[in-house]
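Read through the structure below, which is laid out as structure tokens, and then see the notes.
Position 1 is the first residue of the sequence; numbering continues from there. The figures here come from the full heavy-atom set of this structure, side chains too, leaving out hydrogens, waters and symmetry mates.
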Amino acid sequence: MLRHYYEPEHGIFIAESPKVIERALNAGYEPLSMMMSRKDIRGEAKDVVSRCGDIPLYTGDDEKITEITGFKLIRGALCAMRRREPPAVQELCRDAHRVAVLENVVNPTNLGVIFRSAAALNMDAVLLTENCTDPLYRRSLRVSMGTVFQVPWTYINCDIAEYPQFLKSLGFSTAAMALRDDSVDIDDKALNSEEKLAVIMGTEGEGLLDSTIEACDYTVKIPMSNGVDSLNVAAASSVAFWQLGRSRIK
């Protein structure tokens, strides 16, 4: 992990592909060095190379880059960038009406998809419990297409058993996405009319903790058909954010 490699407080992360690097630069992240195949310097990565200024640029043919990195580059460029201190939850949520809350989501592909859905489907912020995978992990960034840099996010810095009540103290009603006998459908009128709503989604397989579900104002389900009991958390996030995100647009 590179979270604490460069500085204990900030660390560095690796952005892969010109699109991800571009969105990181647009968000104000500082580039430290780049690596890419020779053909991409004046090709697909030309614009981000010019934007990164006088930083080290390492290059070679595709085979050599694969040998050095240990994987084949998908879109031709890597950029080491400096991390930033995440904002406080209170600051991030001050003007938010819809926030996505991820409890112990550990798969980086799922996390990247969830961030892309959150950015596209009207979530104002993403909050993560401390055991979630790193949003700035290379694969999470690439799968998200850099939307990690477009939707505000931070970690919830309180005990996992206490965070639903903490969200309520910030003025949010809380909706646990879970299959329970007392679940309401995702198009429930009262749910969709909430002014400030935190949409809480759990880890792959096990879902949300029972204590989280019990502490929430709503337990919410997406109706299924053909005997399917549930959706993958990344797929479910798209449905939930579309329905609950559009309800805040007046």
Flag, side chain of Glu204 to backbone of Asn107, donor-acceptor distance under 3.5 Å: yes

Beyond-backbone contact of Leu141 with Leu136, side-chain heavy atoms, under 4.5 angstrom: yes

Ser144 side chain to Gly112 backbone, donor-acceptor under 3.5 Å: no

More than 12 heavy atoms from other groups under 6.0 Å of CG on Asp95: no

Test: Lys39 and Asp61 ion pair at under 4.0 Å: no

Worked verdict on Ile41 versus Met36 for side chain to side chain contact (heavy atoms under 4.5 Å, CB included): CA-CA 7 Å; Ile41 295 176; Met36 65 188 65; 3.8 Å; yes

Neighbour count above 12 (heavy atom, 6.0 Å) for Arg51 CZ: yes

side-chain hydrogen bond (donor to acceptor under 3.5 Å, both in side chains) between Asp40 and Ser37, intermediate numbers included: CA-CA 6 Å; Asp40 291 312; Ser37 62; 2.7 Å; yes

Geometric cation-pi criterion, Arg84 with Tyr29: 6.0 Å, 45°: yes

Audit row: Thr147, Arg23, side-chain hydrogen bond (donor to acceptor under 3.5 Å, both in side chains) steps and yes/no: CA-CA 7 Å; Thr147 53; Arg23 286 179 169 164; 5.7 Å; no

Residues Arg83 and Asp134 bridged, charged N to O under 4.0 Å: yes

Heavy-atom donor-acceptor pair, His97 side chain to Glu195 backbone, under 3.5 Å: yes

Residue pair Val99 / Cys93, side-chain heavy-atom distance below 4.5 Å: yes

Short side-chain to backbone donor-acceptor contact, Asn131 and Asn104, under 3.5 Å: no

Any side-chain heavy-atom pair of Leu128 and Thr154 under 4.5 Å: no

Any donor-acceptor pair under 3.5 Å from Ser211 side chain to Ala161 backbone: no

Leu209 backbone acceptor or donor facing Glu103 side chain under 3.5 Å: yes

N/O donor-acceptor pair under 3.5 Å between Thr129 side chain and Ile160 backbone: no

